[in-house]
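One-based numbering, in listed order, for ligands and for the atoms of each. Only heavy atoms go into these numbers, but all of them, side chains included; no hydrogens, no water, no symmetry mates.
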Amino acid sequence: MPGKKIDIFDTTLRDGEQVPGCKLNTKEKIELALALEDLGVDIIEAGFPISSPGDFSSVREITKVIKRASVCGLSRAVQKDIEVAADALKYAVRPRIHTGIGTSDFHIKSKFNSNREEILLRAVQSVKWAKNFVDDVEFYAEDAGRTDNHYLAQVIEAVIAAGATVVNIPDTTGYCLPHQYGEKIAYLVNHVSNIDRATISCHCHNDLGLATANSIAGIISGAGQIECTINGLGERAGNTSLEEVVMVIKQHQQTLGFYTNIKTRQLNPVSQLVSDIMRMPVQPNKAIVGGNAFAHSSGIHQDGFLKDSLTYEIINPEEVGAGESKIVLTARSGRSALAHRFRKLGHEFTRNDIDVLYERFLLVADKKKEVNDEDLHELAKQYHEETVEAHIPRPYRHGRA
Ligand code: KIV
Ligand code: ZN
């Protein structure tokens, strides 16, 4: 596969699970972790072990079944957190501790009542402490999106010197514009002297609907990992959606020169599994995995799509495990879609027949949101009866002696 490999770090089980109502038990988390490994994600963030005994044991049980992907546990820049995360990860084949601290002035002043020097020291100490337990230590600079670039570069250089293998640059509040986030990553690439010793990671939130665009801007500027969730679940407006970044990378492989190890045909089945287990429906217009992502409903689109699917589809739905494209019949649909559906249902009609049937179809469609196969069978049946009757000599027609 040509180009640069982008690591996919899935945080559905940690940031995704922070969504109110999406709390999972250990059995459910194991089922999802196995599905994520099978999907091809490189790192599974399994939880925040110190947060509760349940989360600790979920992380521990996940490490026992996951063999290929790295399993990651979150911690704050606090010794006890790091020790508990290390303990939860002790059976992992590839353990990673994800530790960090807020670096923006909002966090430094309001959250920690501290100063930049002290925060830098705590960042370094936390990475050094985590290195006593695992080789793979990821550092997150919380609210990096609103952190002064000069200070951020100092922190990142110091944590890499302390042993961080991955440096996560979260846009925690989803504030950045794509070019700003891209420039932030480029700034680190150009101003952190030891940056070649670590992978830069993008962790973008979707408060302004920019998480996917920001993550892509990040990898264009030199990041090598994207943190994301299935269906874009996560705090508030959610995280970068895994299926979106993976398909952006795949669709624009020639232009961007990146690839991932995700088996894209499993995207829709895994999305459905997450939605079912978390009891969180996927919005119908969600890119890649929404119910309408491959549905065509207006007459102009349907006609073009039926002539050549490429006129209105940039992705073959089978490529993302979404089955077949759908032609939805509504009052905005046209004659070619109606004829197509009749044919699929086994009714062959001439152009003139369709002209008549289309007028009747519109009357039904104006009353209903969507015209279904039963409605069409009924229209076809009535029409057949009328045309057969029209060919029977008058005295023998239905209802007459
Ligand atoms: O959004 C964020 O900053 C986070 C960190 C804990 C990585 O989720
Ligand atoms: Zn987050």
* Hey, does Asp15 come in under 3.5 Å of ligand 1, counting only N/O atoms on both sides? -> yes
* To do: Measure up the His296 and Phe305 rings against each other and bin them: parallel (under 30°), tilted (30 to 60°), perpendicular (over 60°).
  => parallel
* Asked: Under 6.0 Å from the CG atom of Asp366, do we count more than 12 heavy atoms belonging to anything else shown?
  -> yes
* May I ask you to check whether over 12 heavy atoms, not counting those of Lys27, lie within 6.0 Å of atom NZ? => no
* How many angstroms lie between CD1 in Ile82 and CG in Asp87, if you round to the nearest 0.5 Å? -> 13.5 Å
With heavy-atom distances below 4.0 Å as the criterion, list the atoms of ligand 1 near [X].
X	answer
Thr172	1 (O), 2 (C), 3 (O)
His203	1 (O), 2 (C), 4 (C), 7 (C), 8 (O)
Asn168	7 (C)

* For the Zn ion (ligand 2), does an N/O/S atom of Glu227 lie at less than 2.8 Å? -> no
* Asked: Quick one: which of His191, Lys184, Glu157 gives a side-chain contact (heavy atoms from CB on, under 4.5 Å) with Leu152?
  -> Lys184
* Any donor-acceptor pair under 3.5 Å from Arg68 side chain to Val41 backbone -> yes
* To do: Report the name of the N/O/S atom of Asp15 located nearest to the Zn ion (ligand 2).
  => OD2
* May I ask which of Glu227, Arg14, His205, Glu142 has a heavy atom nearer to atom 6 (C) of ligand 1 than the others do? => Arg14
* Asked: Taking the Zn ion (ligand 2) as the vertex, how big is the angle to NE2 in His205 and NE2 in His203, rounded to 10°?
  -> 100°
